[in-house]
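One structure below.
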Amino acid sequence: MPSPETTADLLAPAPVATPGTPGHPASQGEFGFEVTTRLNESCNPTAEAIEQNGGTFQGRTGVITTPHGTIKTPAFIAVGTKATVKSVLPESMEDLGAQALLSNAYHLYLQPGADILDAAGGLGAFMNWQGPTFTDSGGFQVMSLGSGFKKVINMDAVAASPHAGADDSVAVGKERLAHIDDDGVWFKSHLNGDMHRFTPEVSMQVQHQIGADIMFAFDELTTLLNSRGYQEMSLERTRLWALRCIEEHFRLTEERTGKPYQALFGVIQGAQYEDLRRKASHDLGEMNFDGFGIGGALEKENLGTIVRWCAEELPENKPRHLLGISEPDDIFTAIENGADTFDCVSPTRVARTSAFYTPDGRFNLSGAKYKRDFTPLSEECDCYTCENYTRAYIHHLFKAKEMVSATLVSIHNERFVVKMVDDARLAIENGTFFEFKAETLRRYYPKR
RNA sequence: GGCAGAUUACCCGAGUGGCCAAAGGGGGCUGACUGUAAAUCAGCUGGCAACGCCUUCACUGGUUCGAAUCCAGUAUCUGCCA
């Protein structure tokens with residue numbers, strides 16, 4: 001397929017990315033999205049849900065098709081930043097029902113290098129994961145290594161900055177490892193201090209080499225502390241980067257003919273501002289993306305509203321991925337407002353420090369009260385860990401600093417979130433979503 | 001038997017006249033983690049009716065306005081000598 005030569009081509013009517021569609025790079029294969037059930041058509045919302053949403057719901061079920069298999073949505077996408085879900089074998093991820101994994105372009109670019117993954121036959125082949133894969137663009141690291149460095153955010157400094165609104169990052173954080181400009185970002189490697197340049201083009205090249213089925217456009221993630229002026233400036237930067245990502249993506253798709261088609265998702269920013277979120281969704285929605293990521297700084301209370309703003313502006317026939325979410329309440333909120341997939345580090349990160357999920361809330365297994373608790377992490381869980389191990393045993397592993405503790409709890413936590421989202425999907429199909437949500441959250445947050 | 005040194009909170013270990021309920025580790029307890037610089041980080045860790053009081057630095061007795069810190073004796077341990 002010819003690559004677009006002008007910006008107008010990039011903005012050309014966005015074809016539904018179904019396999020074999022002429023005029024779209026996906027024609028060489030195997031990316032698509034089909035909505036199968038809409039929440040509006042099969043729902044019996046609670047009064048509370050109606051009040052929160054004004055009676056309209058964006059939620060749906062669907063199927064994403066990729067060269068490495070399908071993903072039934074809503075789906076939780078487990079995070080494996082450096083081509084591994086920390087402490088868990090890919091076989092275990094498959095057994096616990098994970099449909100797809102998400103890695104990170106920045107991390108893999110630094111180590112082992114994207115060319116290694118390319119030579120290995122792509123991310124999935126490299127790590128022995130047969131299913132669909134995603135890569136994040138490195139956009140998150142612009143924040144986490146930059147203004148979000150060590151999460152030290154000095155509000156006084158922001159308020160006092162004479163440059164507030166122009167470049168808030170000047171006032172935020174110290175010893176930042178990332179410095180952003182309109183063309184891209186300078187990263188100082190957190191591994192050895194080398195300087196690296198990331199631009200939208202570099203991110204696309206890296207992600208094409210890594211070879212995930214779904215890639216994300218290179219974006220800037222702002223923090224809630226950035227001024228409105230900075231948010232506007234940053235959003236425009238992300239918009240221009242999106243166009244550059246598409247152009248480079250098309251060029252690489254052509255150049256790398258013969259490789260499985262890689263889908264590209266644009267990333268919606270705009271922080272907590274309705275007009276910015278809607279504008280970003282509208283602007284990127286008109287571009288030739290295969291789907292969208294909803295990213296950025298958002299307060300928990302606004303999560304549903306923000307997802308809804310985006311969903312209302314985005315094309316309905318393309319999948320929407322909400323970046324970085326997995327708490328049960330957030331998942332339900334996101335689903336009913338139109339998010340199809342989510343990813344989050346939480347299940348494994350939290351597992352490594354002994355927190356485990358149950359239908360009755362999250363608890364710390366390192367607590368002394370589990371010393372003689374010979375029950376599974378959750379009586380109702382069907383995961384490998386719960387079928388074979390007790391709380392007392394895993395508590396002991398934590399106390400003894402034995403590494404399998406992380407493995408066992410990570411398997412359980414990943415299963416818990418995967419299953420919760422799977423159950424939510426079934427509930428949408430059965431028309432019982434709101435009852436399921438209410439019951440699940442009532443149990444999980446008994447104190448609310 | 002002689003000489004020298006040691007003894008601090010659950011453990012290791014700083015402190016050698018007042019700023020000491022006593023640094024720093026470890027351990028223990030509690031909490032936090034939402035596109036992973038996270039097998040990380042934070043708080044607490046003598047007692048209590050708690051902006052104060054009480055009991056602690058091997059034990060006993062002294063010196064001093066004041067002692068974990070100085071002196072004497074006792075106990076235990078470690079070296080070296082017989």
Side-chain angles (χ1 to χ4, degrees), chain A residues 76-88 100-108 110-111 134-146 148-152 173 175-178 187-194 203 207 212 214-222 265 267-269 292-300 303 320-331 333-334 339 341-357 362-371 395 397-410 413 417:
Chain A
F76 177 68
I77 314 301
V79 174
T81 302
K82 302 185 211 176
T84 174
V85 178
K86 289 187 192 298
S87 86
V88 182
L101 304 184
L102 181 146
S103 291
N104 185 283
Y106 168 77
H107 286 275
L108 292 174
L110 285 184
Q111 189 179 48
F134 292 56
T135 41
D136 191 16
S137 61
F140 179 78
Q141 280 64 37
V142 177
M143 185 280 291
S144 68
L145 301 179
F149 177 69
K150 292 216 168 177
K151 297 186 179 172
V152 174
E175 300 178 67
R176 285 172 295 132
L177 298 179
F187 284 113
K188 190 168 186 178
S189 162
H190 63 277
L191 299 175
N192 64 9
D194 287 353
S203 178
Q207 291 192 74
I214 295 169
M215 308 177 289
F216 285 98
F218 191 58
D219 63 325
E220 181 188 8
L221 197 178
T222 56
F265 284 24
V267 180
I268 311 299
Q269 293 290 342
F292 302 91
I294 299 171
L298 35 84
E299 287 171 315
K300 197 177 175 74
L303 186 138
R320 307 159 192 150
H321 179 92
L322 180 59
L323 288 149
I325 291 300
S326 76
E327 285 302 306
D329 54 347
D330 297 334
I331 283 175
T333 301
T341 54
F342 333 87
D343 69 278
C344 196
V345 304
S346 218
T348 55
R349 178 185 284 175
V350 146
R352 261 171 278 133
T353 57
S354 91
F356 65 103
Y357 297 100
R362 202 173 82 184
F363 304 99
N364 259 322
L365 190 56
S366 58
K369 62 181 168 182
Y370 297 111
K371 217 167 215 166
H395 168 87
L397 295 179
F398 271 112
K399 289 303 179 184
K401 298 194 189 331
E402 286 293 341
M403 295 181 289
V404 218
S405 57
T407 302
L408 293 175
V409 181
S410 291
N413 285 354
V417 178

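Values below: all heavy atoms of this structure, side chains included; hydrogens, waters and symmetry mates excluded. Residue numbers start from 1 in every chain, and the chains themselves are labelled A, B, ... in the order their sequence lines are given, proteins ahead of strands.
- Across the protein-nucleic acid pair, A/Asp136 atom CG and B/U36 atom P stand 6 Å apart, rounded to whole Å.
- Atom CZ of A/Phe398 and atom P of B/A38 are 18 Å apart (whole Å).
- Closest heavy-atom contact between A/Asp343 and A/Val79: OD2-CG2, 3.6 Å.
- The P atoms of B/G79 and B/G47 are separated by 36 Å, rounded to the nearest whole Å.
- For A/Arg352, whose side chain is taken as the heavy atoms from C-beta onward, the closest listed nucleotide among B/A39, B/G35, B/G31 is B/A39.
- Nucleotide B/A21 is matched to nothing when pairs are restricted to Watson-Crick or G-U wobble geometry with both distances under 3.5 angstrom.
- Between the side chain of A/Asn192 and the backbone N or O of A/Asp194 there is at least one donor-acceptor pair closer than 3.5 Å.
- Among B/U36, B/G35, B/C33, the nucleotide with an atom closest to any side-chain atom of A/Leu323 is B/G35.
- Set against B/U34, B/U36, B/G28, the side chain of A/Lys399 has B/G28 as its closest nucleotide.
- Counting only heavy atoms from C-beta outward, the side chains of A/His321 and A/Leu102 approach each other to under 4.5 Å.
- Atom-to-atom, OH of A/Tyr370 to C1' of B/U30 comes out at 13 Å; the value is rounded to the nearest Å.
- Rounded to whole angstrom, the span from the CD1 atom of A/Ile325 across to the P atom of B/C33 amounts to 13 Å.
- Here the side chain of A/Ser137 pairs a donor or acceptor atom with the backbone of A/Ala217 at under 3.5 angstrom.
- Between B/U36 and A/Thr81, a contact under 4.0 Å exists linking OP1 or OP2 to a side-chain N or O.
- Of the two residues contacting RNA chain B, namely A/Glu220 and A/Met403, the nearest-nucleotide position lying further toward the 5' end is that of A/Glu220.
- When heavy atoms are screened at a 4.0 angstrom cut-off, A/Thr348 is found touching base atoms of the nucleic acid.
- Contact annotation: A/Asn104 reaches the phosphate of B/U36 (side-chain N/O to OP1 or OP2, under 4.0 Å).
- Phosphate proximity of B/G28 to A/Lys371: absent, as no side-chain N or O sits under 4.0 Å from OP1 or OP2.
- Atom P of nucleotide B/A39 and atom CG of A/Asn413 are separated by 15 Å, given to the nearest angstrom.
- Between B/G15 and B/C65, the two P atoms lie 28 Å apart (nearest whole Å).
- For B/C11, the base is anti relative to its sugar; the glycosidic angle deviates from 0 by more than 90°.
- Using a 4.0 Å heavy-atom distance criterion, A/Gly296 is classed as a base contact.
- For the C1' atom pair drawn from B/C12 and B/G17, the interatomic distance equals 27 Å after rounding to whole Å.
- A distance of about 27 Å separates the C1' atoms of B/A75 and B/U64, rounded to the whole Å.
- Pair check for B/A82 finds none; no Watson-Crick or G-U wobble contact set falls under 3.5 Å.
- A distance of about 15 Å separates the C1' atoms of B/U69 and B/A58, rounded to the whole Å.
- The base-pairing partner of B/C10, taking Watson-Crick or G-U wobble contacts with both distances under 3.5 Å, is B/G26.
- In the set B/G35, B/U34, B/U36, the nucleotide with an atom closest to the side chain of A/Gln269 is B/G35.
- In this structure, B/U16 forms no base pair with any nucleotide, since neither Watson-Crick nor G-U wobble geometry is met with both distances under 3.5 Å.
- Contacts of A/His321 with the nucleic acid, taken as non-hydrogen atoms under 4.0 Å apart, are absent.
- Projected onto RNA chain B by closest heavy-atom contact, A/His190 and A/Lys369 fall at different nucleotides, the more 5' of which corresponds to A/Lys369.
- Rounded to an integer number of Å, the gap from OH of A/Tyr357 to C1' of B/U34 is 8 Å.
- Taking 4.5 Å as the limit, every side-chain heavy atom of A/Lys86 sits out of range of all side-chain heavy atoms of A/Ser410.
- The side chain of A/Lys300 lies closest to B/U34 when the candidates are B/G35, B/U34, B/A39.
- Taking atom CD on A/Gln141 and atom P on B/A38, their separation rounds to 10 Å, with Å as the unit.
- Remark: A/Phe356 pairs with A/Tyr370 by the ring-ring contact (aromatic ring centres under 6.0 Å, His included) rule, at least two apart or across chains.
- Comparing B/A32, B/U34, B/A39 by their nearest atom to the side chain of A/Thr353 picks out B/A32.
- A 3.5 Å limit on both hydrogen-bonding distances identifies B/G31 as the Watson-Crick or G-U partner of B/C41.
- The listed nucleotides are B/U36, B/U30, B/A39; the one nearest the side chain of A/Ala368 is B/U30.
- Taking the six-membered ring where the residue is Trp, the centroids of A/Phe76 and A/Phe342 are separated by 6.0 Å or more.
- Rounded to whole angstrom, the span from the CZ atom of A/Phe140 across to the C1' atom of B/U34 amounts to 9 Å.
- Side-chain atoms of A/Thr135 never come within 3.5 Å of backbone atoms of A/Met215 as a donor-acceptor pair (strictly under, hydrogens ignored).
- Residue A/Asp329 is out of contact with every strand shown, counting any heavy-atom pair closer than 4.0 Å.
- Remark: the separation of the P atoms in B/A67 and B/C77 is 31 Å, to the nearest Å.
- Within the 4.0 angstrom heavy-atom criterion, only backbone atoms of the sugar-phosphate kind lie near A/Leu102; the bases stay farther away.
- Proximity of A/Arg362 to the phosphate of B/C33: a side-chain N or O atom is located under 4.0 Å from OP1 or OP2.
- Base pairing analysis places B/G66 opposite nothing; no Watson-Crick or G-U wobble pair with both distances below 3.5 Å involves it.
- Panel note: side chain A/Asp330, backbone A/Lys300; no donor-acceptor pair is recorded below 3.5 Å.
- Rounded to a whole angstrom, the distance from the P atom of B/G46 to that of B/A82 is 49 Å.
- Taking a pair to require two hydrogen-bonding distances under 3.5 Å in either a Watson-Crick or a G-U wobble arrangement, B/C57 remains unpaired.
- Residue-to-nucleotide contacts include no donor-acceptor pair under 3.5 Å from the side chain of A/Ser144 to the base of B/U36.
- Pair assignment for B/G5 gives B/C77, based on Watson-Crick or G-U wobble hydrogen-bonding distances that are each under 3.5 Å.
- Rounded to the nearest Å, the gap between the P atom of B/A4 and that of B/A14 is 23 Å.
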